[in-house]
A.B. asks: 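Structure incoming, see below.
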Amino acid sequence: MNNFQYDVIVIGAGHAGCEAALASSRHGVKTLLITSNVDNIALLPCNPSIGGPGKGHVAREIDALGGELAKIADRSTIHIRMLNTSKGPAMWALRAQVDKNKYKEEMIKSIQNQLNLFLLQEMVTGLLIKNNQIYGVTVQSGKEFHSPTVIITAGTFLNGKIYIGKINYSAGRAGEIASIDLGNQLKSLGFSATRLNTCTPPRIDRRSIDFSNLTEQKSAIEPLAFSYESEKKIYHKHTVYITRTNAKTKEVIQSNINQVPLVNGTIQSTATRYCPSIEDKIVRFPHHKSHQLFLEPESELTEEIYLQGFFTSLPPSAQLEALHTINGLEKCHIIRYGYAIEYDVIFPHQLKYSLETKKIKGLFLAGQINGTSGYEEAAEQGLIAGINAVQLLDNKEPFILDRSQAYIAVEIDDLVTKSITEPYRLRTGLAEYRLLLRQDNADLRLTSYGYQYGLISEERYQKFLQKKEAIEKEINRLHNLKIYPDEKTNQKFKILNTSPLQKPVSMADLLTRPQLSYADTASLDPERPKLDREVINQVEIQIKYSGYIKRQEEEVRRFKKTENYRIPTDIDYSQLYGISHEGIERFSEIKPVSLGQAKRIPGVTPSDVTALMIHLEKIKRNREKGSNQ
């Protein structure tokens, strides 16, 4: 093998690229990671945080599969909280402020110390393709690097353009060169593309802020961590502060609104609905008197404060004028101005579930190039693409999860089945089986897969099996343990503010009472084994929500029936009778692999699905008849 021949080439070293390259190299294949700037690997160009609703779930799923994001986040956390604790466990989500400089340094260390992984600072200018199959890339210096699999994780770099007021210029993000040639080649190859945009807020000098009248949001008082391998910690040093815009802020923004490219029509592309700019908030929600802002620390090494909620492309002078109207920011100094960035994306319905393109064999796309928004969404795609590039090399079946197994699968299914009309942002509301896809049980759902694909060590896997066994053993014990009504027992119940027993019940039945926790019932269970906190949490959640969980598991069984109803890859939808014209177009475009996926395609009617099922049954009978002859 020569120096320019690799098994996997990854283009781009953001969150998707890092996970892809680590996944393939850890599986033992020679991997080349190409980035335009080695110093900016895994940069946090927008918010200095990991997690949140949906995103925190994905961070833990990435870790359960053997990915890196959660471990790096834990090594660089400076403030962390568990969100939505007043709601049920399906909604709980970790969110951490991380030191963006430490995060980048730790990821660079992981990349450069990984066996089988080679790093190169270059700009990829083209793909090498023959007979609809990838065989390598060309770079700006003129060199060629060859590989049967290539993963593009270009982020916002494809024809990226930055806007600040009336000023605009070509860039992949602030201070970095856009990728023009690669974006243009993808379109010339026949990939259907569009433009999306997103915004960043200004960064403010901490020393110029008056915190005295701001609301403080401290880090959690209990130890927390994303990774199942990390030590849980408490963080006291850094605090997040909250302030609000006001009528004067609104007045300044409105007086400069004609200079905002997202509002005046200069930018025609779509912005994310769930992370709007401050100008967009003013236009869309004129009845709101103010909007909440979070002042979040970016690093222990800098004085920069990230202004969460003030995403903007206002002119620099207007950004400063608007900030000076806000409580605590009256004398603030802007270190970096906020800006909007517009970039090319490839419509993701052109991908298989493996994230390999349908058009070019061996070419995978992952991250923002597929229309997603957020570090976690990108990282999970990179991880899946990295695993599947190796599967393709080995001529093995791709690794594909379904919507009942992971938030990762919800995202990928939404992308390849429904495509995108705006930047895709993962939320808990998108997961119909979210009670089963809790952040606390990601390891129980996915660690076996990580071990299967060589990303989980033997030591970690054995610890996981021990934890799983301990959970199952304790749940069984509690179901078999009977508590009998007597005066002493009912007196304890009175102290615990729960109704007395009328007849014998199992300890598991007692734990379904909302007033009682596992710890509350310790006095009724003197022979209780000593268990780890994570085991206890799982036991308690699985018992308390057992009725809801069983109902959702029944829903999943019905879901699996249509998911397992496979559709032949060679079917010609134009020859099928009884399907609407739009149905034929959508089926032909998406090429669903199952009846379940066919049902989720936008524009497809129930009658289209019924007609398709009738044809599939005919095909099945004809093939069975032919095989019997």
Side-chain angles (χ1 to χ4, degrees), residues 10 13-27 41-42 44 49-77 80 92-96 98 103 106-107 110-111 114 151 153 224-230 354-355 364 366-368 370 372-390 399-401 405-413 415 424-428 430-431 437-457 460-461 464:
V10 180
H15 300 275
C18 289
E19 294 292 353
L22 287 169
S24 59
S25 58
R26 285 170 176 169
H27 202 73
I41 287 174
L44 299 168
S49 69
I50 296 294
K55 294 170 175 287
H57 294 70
V58 167
R60 302 212 85 196
E61 289 179 352
I62 289 169
D63 182 70
L65 286 170
E68 197 73 4
L69 177 140
K71 288 190 276 289
I72 300 295
D74 290 335
R75 292 204 286 270
S76 51
T77 291
I80 191 167
W92 299 348
L94 275 176
R95 186 179 189 271
V98 298
Y103 188 98
E106 290 292 333
M107 187 64 86
S110 291
I111 294 291
Q114 179 59 49
I151 305 171
T153 66
L224 294 171
F226 279 102
S227 175
Y228 290 95
E229 291 189 287
S230 297
S354 64
L355 299 181
F364 294 78
Q368 280 184 278
N370 293 335
T372 58
S373 169
Y375 309 141
E376 301 84 357
E377 290 94 332
E380 63 93 346
Q381 290 177 64
L383 177 61
I384 297 300
I387 292 171
N388 282 326
V390 176
F399 173 46
I400 295 170
L401 297 165
Q405 295 174 292
Y407 272 88
I408 287 173
V410 171
E411 178 183 343
I412 292 175
D413 182 57
L415 292 175
Y424 181 94
R425 195 173 184 87
L426 195 59
R427 316 181 306 281
T428 50
L430 295 174
L437 307 183
R438 306 182 309 276
Q439 61 86 31
D440 61 83
N441 70 352
D443 60 335
L444 299 177
R445 292 184 278 116
L446 300 172
T447 301
S448 294
Y449 293 113
Y451 180 70
Q452 177 184 338
Y453 293 105
L455 303 180
I456 295 291
S457 69
R460 178 176 174 181
Y461 186 61
F464 158 74

A.B. asks: Side chains of Gln405 and Tyr449: do they bring a donor and an acceptor to under 3.5 Å?
C.D. replies: yes
A.B. asks: Specify the closest pair of heavy atoms between Arg425 and Ser373, including all atoms of both residues, with the distance to one decimal.
C.D. replies: NH1-OG, 3.6 Å
A.B. asks: Starting at CG of Asn370, measure out to CD of Glu411 and round the result to the nearest 0.5 Å.
C.D. replies: 8.5 Å
A.B. asks: Asp63 vs Arg460, test: salt bridge (Lys or Arg N to Asp or Glu O under 4.0 Å). Steps then yes/no.
C.D. replies: CA-CA 12 Å; Asp63 182 70; Arg460 178 176 174 181; 3.1 Å; yes
A.B. asks: Rounded to the nearest 0.5 Å, what separation is found between the CD atom of Glu19 and the CD1 atom of Ile387?
C.D. replies: 9.5 Å
A.B. asks: State, to 0.1 Å, how close Ala378 and Ala16 come at their nearest heavy-atom pair, and which atoms those are.
C.D. replies: O-CB, 3.2 Å
A.B. asks: Of all heavy-atom pairs between Ile62 and Ala379, which one has the smallest distance, and what is that distance?
C.D. replies: CD1-CB, 3.7 Å
A.B. asks: Return yes if a side-chain donor-acceptor contact under 3.5 Å exists between Ser76 and Glu106, otherwise no.
C.D. replies: no
A.B. asks: Should Leu65 and Ile408 count as side-chain neighbours, where that means a heavy-atom distance under 4.5 Å?
C.D. replies: yes
A.B. asks: Taking the side chain from Ser25 and the backbone from Leu22, do they hold a donor-acceptor pair closer than 3.5 Å?
C.D. replies: yes
A.B. asks: As an exercise, state the distance from NZ of Lys71 to CD of Glu229, rounded to the nearest 0.5 Å.
C.D. replies: 4.5 Å
A.B. asks: Between the main-chain N or O of Gly367 and the side-chain N or O of Gln381, is there a donor-acceptor pair closer than 3.5 Å?
C.D. replies: yes
A.B. asks: How far does CG of Leu430 sit from CZ of Arg427, to the nearest 0.5 angstrom?
C.D. replies: 4.0 Å
A.B. asks: Of all residues at least two apart in sequence or in a different chain, which pass the ring-ring contact (aromatic ring centres under 6.0 Å, His included) check with His15?
C.D. replies: Tyr103, Tyr375
A.B. asks: Please report the C-alpha distance between Glu68 and Arg26 in whole Å, then the side-chain angles of each, then the deciding distance to 0.1 Å, and finally whether the side chain to side chain contact (heavy atoms under 4.5 Å, CB included) criterion is met.
C.D. replies: CA-CA 11 Å; Glu68 197 73 4; Arg26 285 170 176 169; 2.7 Å; yes
A.B. asks: Rounded to the nearest 0.5 Å, what separation is found between the OH atom of Tyr424 and the CD1 atom of Ile412?
C.D. replies: 10.0 Å
A.B. asks: What are the two closest non-hydrogen atoms of Gly54 and Tyr407, and how far apart are they?
C.D. replies: CA-CE2, 4.4 Å
A.B. asks: Got a second to check how far Phe464's CZ is from Tyr228's OH, nearest 0.5 Å?
C.D. replies: 9.5 Å
A.B. asks: So Asp74 and Ser230, side chain to side chain donor-acceptor pair (under 3.5 Å) or not? Walk me through it.
C.D. replies: CA-CA 7 Å; Asp74 290 335; Ser230 297; 2.7 Å; yes
A.B. asks: Evaluate the side chain to side chain contact (heavy atoms under 4.5 Å, CB included) criterion for residues Glu376 and Leu426: first the C-alpha distance (whole Å), next the side-chain angles of each, then the deciding distance (0.1 Å), finally the verdict.
C.D. replies: CA-CA 9 Å; Glu376 301 84 357; Leu426 195 59; over 6 Å; no
A.B. asks: When you measure from the side chain of Arg445 to the backbone of Arg438, do you find a donor-acceptor pair of N or O atoms at a distance under 3.5 Å?
C.D. replies: yes
A.B. asks: Can you name the nearest heavy-atom pair linking Lys55 to Gly374, along with the distance?
C.D. replies: NZ-CA, 3.4 Å
A.B. asks: Check whether any side-chain N or O of Asn388 sits under 3.5 Å from a backbone N or O of Ile384 as a donor-acceptor pair, and report yes or no.
C.D. replies: yes
A.B. asks: Tyr453: what forms a ring-ring contact (aromatic ring centres under 6.0 Å, His included) with it, not counting sequence neighbours?
C.D. replies: Phe399
A.B. asks: Compare every heavy atom of Ala70 with every heavy atom of Phe226, then report the nearest pair and how far apart it is.
C.D. replies: CB-CB, 3.7 Å
